[in-house]
Amino acid sequence: MQIDTDQGLTGFGESCPLGPFYLPAYAAGVRAGLGELGPHLIGKDPTQIGPLARFMDAALKGHPYVKSPIDIACWDILGQSCGRPVCDLLGGRFGDDVLLYRAISQQSPEEMADKVAGYRAEGYTRFQLKVGGEADVDVRRIRAVAAKLKDGDRLVADANTGWLMHDAVRVVRGVADVDVYIEQPCATYEECLSVRRMTNHPFVLDEVIDGVDSLLRAAADRAMDVVNIKISKFGGLTKARLARDLCASLGVAMTIEDTWGGDITTAAIAHLAHSTPTPLLFTTTDFNSYVTVSTADGAPQRRNGRMAASSAPGLGIRPRREVLGKPVLDIH
Ligand code: MG
């Protein structure tokens, strides 16, 4: 999405739900939500990020994935207006670049293990296995991929809510001797907590953490060692930054990313990830290397399994209008 200002600056944001079945978010809902919320925002100052976030929450209950691209575009405008990259405004740049993970889609154990060498050749050392299928097969998947790892690699088995508790417990017992992180085994927080208490694997929560309330509850319950912060799940960079800073204070490491996206989302992720204290940043994602179409110039590009936020003002991207086409909605 694009926000034009009467000062001549233009900001961009992106929201890309991962289908309608992943989180309570869907692509057509973003467009409907923008149509609902957009008219209320005409005339507002996009550089007043805090007041604007509160205004959006008062004008439209919930729907954080609708507000996320608006908030990202406002950060883009704020950065351009003061000549600084968003990364600097989110807290400052830690180190030269950030470490990426590579997701390995759910296939047979052998096919998944065969992917590791190719991804390592691209520079990746963090691998996120998609599990959450049949428990016995998932145990074989984790073992097959773990056998391919080298010193310093990290392996995460992400069930994406796919297991019932009994299967999750069988899997974590079945890989008790493997150095693997277990991510979001079950659908609900309570189920995940139950599994967490029956394993000593490092534990990651993702889908059930969508705001400060759930984050603080999980921190108080010692329910996670790492949390996955997806920008649109929280409602934009403003709230994701709040969650990030809380986690940094609590000692909870983070994977910083979004549900999905292209070049604009990857740029927003890079600015938030790069302004996160390095020891607290477990991994992040270069979604623009998973997609087949480039939608913007200037987005971060993977280099040896790492990426860096742009040092240009704002997000540092220039959308490719010939790819994006004409707007489907115009609010003015
Ligand atoms: Mg996940």
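Nearest heavy-atom pair, G174 versus V139, reported as atom, atom and distance to 0.1 Å: O-CG1, 3.8 Å. The shortest non-hydrogen separation linking A157 to I142 is CB-CD1, 3.7 Å. Between P46 and I49, the shortest heavy-atom distance links the atoms O-CD1, 3.8 Å. The shortest non-hydrogen separation linking A146 to V178 is CB-CG1, 3.6 Å. Between S310 and P85, the shortest heavy-atom contact is O-CB, 3.4 Å. Considering all non-hydrogen atoms of both residues, L315 and I264 come closest at CD1-CG2, 4.2 Å.
For the atom pair CG (L41) and CZ (F55), the distance works out to 6.0 Å, reported to the nearest 0.5 Å. From T285, atom OG1 reaches atom CD of E257 across 3.5 Å, with rounding to the nearest 0.5 Å. Note that NE2 of H166 is 9.5 Å distant from SG of C186, once rounded to the nearest 0.5 Å. Between the CZ atom of R170 and the CH2 atom of W163 there is a distance of 11.0 Å, given to the nearest 0.5 Å. Taking CZ of R197 as the start and SG of C192 as the end, the distance is 12.0 Å to the nearest 0.5 Å. With rounding to the nearest 0.5 angstrom, the NE2 atom of H271 is 10.0 Å from the CD1 atom of I231.
At distances below 3.5 Å, not a single donor-acceptor pair connects side-chain atoms of H274 with backbone N or O atoms of D88. The backbone N or O of P51 lies less than 3.5 Å from no partner atom in the side chain of K44, so there is not a single donor-acceptor pair. Checking side-chain atoms of D97 against main-chain N and O of R306 turns up no donor-acceptor pair under 3.5 Å. At least one donor-acceptor pair under 3.5 Å links the side chain of S15 to the backbone N or O of Y65. Listed for the E207 side chain is no donor-acceptor partner under 3.5 Å among the backbone atoms of L205. A donor-acceptor pair is defined here as one N or O able to donate and one able to accept, closer than 3.5 Å; such a pair exists between the side chain of R244 and the backbone of L272. Formation of a donor-acceptor pair under 3.5 Å by the D158 side chain with backbone atoms of K130 is not found in this model. Formation of a donor-acceptor pair under 3.5 Å by the T199 side chain with backbone atoms of R196 is not found in this model. The main-chain N or O of I209 is found under 3.5 Å from a side-chain atom of K233 such that the two form a donor-acceptor pair. T284 places a side-chain N or O within donor-acceptor distance of the main-chain N or O of I256, the cut-off being under 3.5 Å.
Between Y124 and Y119, the angle of the ring planes goes over 60°, which puts this pair in the perpendicular group of the 30/60° scheme.
Using a 4.5 Å heavy-atom cutoff, the side chains of E14 and W260 are not in contact. Using a 4.5 Å cut-off on side-chain heavy atoms (C-beta onward), L18 and L23 make no contact. Under the 4.5 Å side-chain criterion, counting only non-hydrogen atoms from C-beta, R126 is not in contact with V156. With a 4.5 Å cut-off on side-chain heavy atoms, T276 and F94 do not count as touching. In this structure, the side chains of K115 and S105 stay at 4.5 Å or more apart for every pair of heavy atoms. With contacts defined as side-chain heavy-atom distances shorter than 4.5 Å, the pair K230/D206 qualifies. Inter-residue side-chain proximity for T238 and L52 is flagged as unmet; no heavy-atom pair is nearer than 4.5 Å. Side-chain contact between V137 and P109 is present, with at least one heavy-atom pair separated by less than 4.5 Å.
Other residues, nucleotides and ligands place no more than 12 heavy atoms under 6.0 Å from the CD atom of E36. No more than 12 heavy-atom neighbours from other residues, nucleotides or ligands sit within 6.0 angstrom of CG on D179. Within a 6.0 Å sphere centred on CG of D177, heavy atoms belonging to other residues, nucleotides or ligands number more than 12. Counted within 6.0 Å of CZ on R84, heavy atoms from surrounding residues, nucleotides or ligands total 12 or fewer; the atom is thus considered open.
Linking ILVMFWY residues whenever their side-chain heavy atoms come closer than 4.5 Å, directly or via other members, places L90 and L215 in the same cluster. If you chain together hydrophobic residues whose side chains sit under 4.5 Å apart, L155 and M224 fall into the same group. If you chain together hydrophobic residues whose side chains sit under 4.5 Å apart, L216 and V252 fall into the same group. Put simply, L34 and L237 are part of two different groups of oily side chains (I, L, V, M, F, W, Y) that touch within less than 4.5 Å, one to the next. Both L281 and F287 belong to a common hydrophobic cluster when Ile, Leu, Val, Met, Phe, Trp and Tyr are linked at side-chain heavy-atom distances under 4.5 angstrom.
Partners of R31 under the side-chain hydrogen bond (donor to acceptor under 3.5 Å, both in side chains) rule, at least two apart in sequence or in another chain, do not exist in this structure. With sequence neighbours excluded, the residues that form a side-chain hydrogen bond (donor to acceptor under 3.5 Å, both in side chains) with D263 are N288, S294.
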Q: Carefully, step by step, assess T283 and R154 under the rule side chain to side chain donor-acceptor pair (under 3.5 Å).
A: CA-CA 10 Å; T283 55; R154 298 281 181 88; over 6 Å; no

(Q) If you apply the rule side chain to side chain contact (heavy atoms under 4.5 Å, CB included), what do you find for S289 with M307, and how did you get there? (A) CA-CA 11 Å; S289 69; M307 71 175 176; over 6 Å; no

Q: Let me see the working for T255 and Y101 under side chain to side chain contact (heavy atoms under 4.5 Å, CB included), right down to the final yes or no.
A: CA-CA 9 Å; T255 289; Y101 79 79; 3.8 Å; yes

Q: Applying side chain to side chain contact (heavy atoms under 4.5 Å, CB included), run through D221 and Y189 and close with a yes or a no.
A: CA-CA 11 Å; D221 289 342; Y189 174 75; 2.6 Å; yes

Q: Under the side chain to side chain contact (heavy atoms under 4.5 Å, CB included) rule, what do L37 and K67 come out as? Steps first, then yes or no, please.
A: CA-CA 8 Å; L37 190 53; K67 297 164 186 168; 3.9 Å; yes

Q. Between D258 and T265, does a side chain to side chain donor-acceptor pair (under 3.5 Å) hold up when you go through it step by step?
A. CA-CA 7 Å; D258 211 325; T265 288; 4.7 Å; no

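Under 4.0 Å is where a charged nitrogen must lie from a carboxylate oxygen, and between R217 and E190 at least one such pair does. Between R54 and D57 no salt bridge is recorded (no basic side-chain N to carboxylate O distance below 4.0 Å). Ion pairing of D153 with R120 is present here, as a side-chain N (NZ or NE/NH1/NH2) and a carboxylate O approach within less than 4.0 Å.
For residues 322-332, the pairs satisfying salt bridge (charged side-chain N to carboxylate O under 4.0 Å, His left out) are R320-E322, with sequence neighbours left out.
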